[in-house]
Amino acid sequence: MVCNMEKITSFTIDHLKLLPGIYVSRKDKIGAETVTTFDIRMARPNFEPVMNTAEVHTIEHLGATYLRNEKEWSDKVIYFGPMGCRTGFYLVLAGDLESKDIVELVTQMYRFMSDYEGEVPGASAKDCGNYLDLNLNMAKYLAAKFVHEVLENISDERLIYPD
C-alpha cells in the first residue's frame, strides 16, 4: 500500500543537523487552550548510539514521577514519554510555551534522575507492564551526561530546530 498522506511535522526536521537539546516540536490548539509538545533530544540522531530500552524505560518512570510531583508545573503536565527512535523524549505541557521557558524544569528533572537512589518508582509487576526492563545506573549516567554536556550551558542552537 502506498502512503499518500501528508508528511508529519516531526519528519520534516533535518535530523542530520539536530543536536541534543530542548525544542518546540509543535503547538496545538484545543479549544481556547494551547498545548506545547517539546522534543527533549538526548542523543544526536544518526551520529550517536541510541539509548537501550531499559534506560529509556527508567528515565520515563523517573521523569514522569518528578514532573507529576513538581509543584509549579504538575498541573500543566499532560505527557512525558520516549521517542520511538530512542534518542529522546516528548514532554507535552499545557500552555503556549517556548523552549527557554522550561530549561530550568528540564534541568531539575534530569538532576533528580542523575542523583536518584532507591527503588525505581513503579518497578513492580503490579505497577508496570515490563518492570524487569529497567536500568537505573545507566539512566543516572545518561541523565548526568545530558545535564553536564547540554543543559548547564544551553545555547540557542539547542533550543530552536535547525533550518
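FYI, the numbering just counts along the sequence from 1.
With hydrogens and angles disregarded, a donor-acceptor distance shorter than 3.5 Å links the side chain of Thr58 to the backbone of Asn135. No donor-acceptor distance shorter than 3.5 angstrom exists from the side chain of Glu33 to the backbone of Ile30, with no hydrogens or angles considered.
For the atom pair CE of Met83 and OH of Tyr90, the computed distance is 4.5 Å after rounding to the nearest 0.5 Å. With rounding to the nearest 0.5 Å, the separation of CG in Leu93 from CG in Leu105 is 7.0 Å. Atoms OG1 and CE, from Thr87 and Met51 in turn, are 6.5 Å apart once rounded to the nearest 0.5 Å. Here CG of Asn46 is found 7.5 Å from NE2 of His15. Values are rounded to the nearest 0.5 Å. Here Thr37 contributes atom OG1 and Asp28 contributes atom CG; the two are 5.5 Å apart, rounded to the nearest 0.5 Å. From Arg158, atom CZ reaches atom CD1 of Ile22 across 11.0 Å, with rounding to the nearest 0.5 Å.
Across Val24 and Ser99, no two heavy atoms sit closer than the pair N-OG, 3.3 Å. Counting all heavy atoms, side chain and backbone alike, Ala139 lies closest to Ile59 at CB-CG1, 3.8 Å. Between Ala43 and Pro20, the shortest heavy-atom distance links the atoms C-CG, 4.0 Å. For Leu159 against Tyr23, the heavy-atom pair with the smallest separation is C-CD2, 3.7 Å. Here the shortest heavy-atom pairing between Ala123 and Leu134 reads CB-CD1, 3.5 Å.
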| field | Residue pair Asn130, His57: steps toward the side-chain contact (heavy atoms from CB on, under 4.5 Å) verdict | value | CA-CA 9 Å; Asn130 192 10; His57 191 195; 4.2 Å; yes

Listing, residues 62-72 side-chain donor-acceptor contacts under 3.5 Å, not counting sequence neighbours, or none:
from, atom 1, to, atom 2, distance (Å)
Thr65, OG1, His61, O, 2.8
Arg68, NH1, Val77, O, 2.9
Arg68, NH2, Ile78, O, 3.1
Asn69, ND2, Thr65, O, 2.7
Glu70, OE1, Glu72, N, 3.0
Glu70, OE1, Trp73, N, 2.7

Contacts under 3.5 angstrom, residues 106-114 side chains, donor-acceptor by atom type, not counting sequence neighbours:
from, atom 1, to, atom 2, distance (Å)
Thr107, OG1, Val103, O, 2.7
Gln108, NE2, Glu104, OE2, 2.7
Ser114, OG, Tyr110, O, 3.4
Ser114, OG, Arg111, O, 3.0

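With sequence neighbours excluded, the residues forming a side chain to side chain donor-acceptor pair (under 3.5 Å) with Asp39 are Arg41, Tyr161, listed by chain and number. Remark: Glu152 engages His148 in a side chain to side chain donor-acceptor pair (under 3.5 Å) (not counting sequence neighbours). In this view, Lys29 and Thr34 satisfy the side chain to side chain donor-acceptor pair (under 3.5 Å) rule, not counting sequence neighbours.
Following chains of ILVMFWY side-chain contacts shorter than 4.5 Å, one cannot reach Leu19 starting from Ile40, and the two form parts of different hydrophobic clusters. The same ILVMFWY cluster, assembled from side-chain heavy atoms under 4.5 Å apart, contains both Leu151 and Phe80. The cluster map of Ile, Leu, Val, Met, Phe, Trp and Tyr, joined by side-chain heavy atoms under 4.5 Å apart, puts Tyr116 and Met138 in the same cluster. Neither Val50 nor Phe47 shares a network with the other; the hydrophobic side chains, linked directly or stepwise wherever heavy atoms of I, L, V, M, F, W or Y lie under 4.5 Å apart, form separate groups for each.
A salt bridge links Glu48 to Lys145: at least one charged side-chain nitrogen sits closer than 4.0 Å to a carboxylate oxygen.
Around OH of Tyr79, the count of heavy atoms belonging to other residues, nucleotides or ligands within 6.0 Å exceeds 12. Within a 6.0 Å sphere centred on CG of Asp75, heavy atoms belonging to other residues, nucleotides or ligands number more than 12. The number of heavy atoms from other shown groups lying within 6.0 Å of NZ (Lys27) is above 12.
Using a 4.5 Å heavy-atom threshold, the side chains of Phe89 and Val56 count as touching.
Pairs passing the salt bridge (charged side-chain N to carboxylate O under 4.0 Å, His left out) check and including a residue from residues 113-133, sequence neighbours excluded, read Glu117-Lys140.
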